[in-house]
Visitor: 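Once you've had a glance at the structure underneath, I'll fire off some questions.
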Amino acid sequence: MKKALFIIAALASCMTVSAKYWFGGSIGFDTESYYYNDNKYHQFEFSPMVGMAIEDNLDLGLQFTVQDLKYSDGQKEFSFKFAPFLRYTFFNEGNFSMFVDGGFEYGICSPSGYNWWHVGAFASPGIKYAMSDHFRLEALFWGLYYEHQNNPDSQPRYPTYKNNAGLGFNFEDLQISLVYEF
């Protein structure tokens, strides 16, 4: 048993010695008002991510998302998502690359007065542009997804679905990130 643990530790250390590490993310702000009730909301989102290149075309990553919503009627909503993913780069030409991220997501949301959680899986296509040896821009689309939500205390204001699945490729769900690689 000790030999097996030693071999696993040695392989892990060899893998991380030659690995490239990167971090990046996005920040967003959104405000929206409605016709039917003069209500509006303000949203702030912070979504850092970290990763490690384990091969030339394969990365391991982790993304956190923190979102804060405030409505003009005093309601508040705070959510947190945790999403480990595997990134496969399938096309490289000059400074441009195309990739797909696949992974799982767990999130919790706590609007004023009650809580719910969700779990999901996703496969999201993206492109990246290397601006220098250390900086790159990435654009990630939503892609294919499945999500299960536990919301026993549903209220009319919030979506109350049990399962949600889809395939989307539009600029509404586009996430642009600045990434630093070292």
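Quantities reported herein were computed from a predicted structural model and do not represent experimental measurements. By convention here, the first residue in the shown sequence is residue 1.
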Visitor: Kindly indicate whether the side chain of V66, heavy atoms from C-beta on, has any atom under 4.5 Å from the side chain of F78.
Guide: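 Counting from C-beta outward, V66 and F78 do come under 4.5 Å.
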Visitor: Hey, what do you get for CZ (F104) to CZ (F85), rounding to the nearest 0.5 Å?
Guide: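 Going from the CZ atom of F104 to the CZ atom of F85 covers 14.0 Å.
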Visitor: Is the distance between the ring centroids of F44 and F29 under 6.0 Å?
Guide: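 No, too far apart.
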Visitor: Where is the tightest heavy-atom contact between Y145 and G143, given as atom of each residue plus distance?
Guide: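 Between these two residues, the closest heavy atoms are CD2-O, 3.6 Å.
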Visitor: Would L140 and F99 count as a side chain to side chain contact (heavy atoms under 4.5 Å, CB included) here? Give the steps.
Guide: CA-CA 9 Å; L140 188 66; F99 62 90; 3.7 Å; yes
Visitor: Can you check whether E77 reaches Y71 side chain to side chain, under 4.5 Å on heavy atoms?
Guide: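 Yes - at least one pair of side-chain heavy atoms lies under 4.5 Å apart.
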Visitor: Closest heavy-atom contact between S124 and F141?
Guide: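 S124 and F141 have their closest heavy atoms at CB-O, 3.1 Å.
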Visitor: Do L86 and D101 touch side chain to side chain, with heavy atoms closer than 4.5 Å?
Guide: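 A side-chain contact under 4.5 Å is absent here.
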Visitor: Identify the two heavy atoms, one from I27 and one from F46, that lie closest to each other, and give their separation to 0.1 Å.
Guide: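 Between these two residues, the closest heavy atoms are CG1-CD1, 3.6 Å.
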Visitor: Going from CG on L137 to NZ on K128, what distance comes out if it is rounded to the nearest 0.5 angstrom?
Guide: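 Nearest 0.5 Å value for the CG-NZ distance: 12.5 Å.
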Visitor: Rounded to the nearest 0.5 Å, how far apart are CD1 of I127 and OG1 of T89?
Guide: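 Nearest 0.5 Å value for the CD1-OG1 distance: 12.5 Å.
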Visitor: Rounded to the nearest 0.5 Å, what's the gap from CG on L58 to CE on M52? Could you check?
Guide: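 Answer rounded to 0.5 Å: 9.5 Å.
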Visitor: How far apart are the closest heavy atoms of H118 and Q149, and which atoms are they?
Guide: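 That would be CB-CA, 4.0 Å.
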Visitor: Flag the pair K81 / Q67 as yes when at least one side-chain heavy-atom distance between them is below 4.5 Å, and no otherwise.
Guide: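 They are not in contact (no side-chain heavy atoms under 4.5 Å apart), so the answer is no.
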Visitor: Are any of the side-chain heavy atoms of F90 and Y88 separated by less than 4.5 Å?
Guide: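 The answer is yes; the side chains approach within 4.5 Å.
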Visitor: Within the 4.5 Å heavy-atom criterion, are R136 and W22 side-chain neighbours or not?
Guide: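 They are in side-chain contact.
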Visitor: State, with a plain yes or no, whether a side-chain heavy atom of F135 is found less than 4.5 Å away from one of L178.
Guide: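 Yes, at least one pair of side-chain atoms sits under 4.5 Å.
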Visitor: Between T65 and E45, do the side chains contain a donor N or O and an acceptor N or O under 3.5 Å apart?
Guide: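 Result is no, nothing qualifies.
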Visitor: So do W117 and H148 actually touch side chain to side chain, heavy atoms under 4.5 Å?
Guide: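 Touching, per the 4.5 Å side-chain cut-off.
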Visitor: Any chance you could measure K76, atom NZ, to L69, atom CG, to the nearest 0.5 Å?
Guide: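 Here the rounded value is 12.0 Å.
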Visitor: Going only through I, L, V, M, F, W and Y residues with side-chain contacts under 4.5 Å, is there a path from F82 to Y146?
Guide: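 Different clusters.
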Visitor: Got more than 12 heavy atoms from elsewhere within 6.0 Å of CZ, F80?
Guide: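 Atom CZ in F80 is packed in, count exceeds 12.
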Visitor: Students often mix this up, so state it plainly: with edges at 30° and 60°, are the rings of F96 and Y129 parallel, tilted or perpendicular?
Guide: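 Judged by the thresholds at 30° and 60°, the geometry between F96 and Y129 is tilted.
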Visitor: Would S177 and E138 count as a side chain to side chain donor-acceptor pair (under 3.5 Å) here? Give the steps.
Guide: CA-CA 5 Å; S177 302; E138 295 182 353; 5.2 Å; no
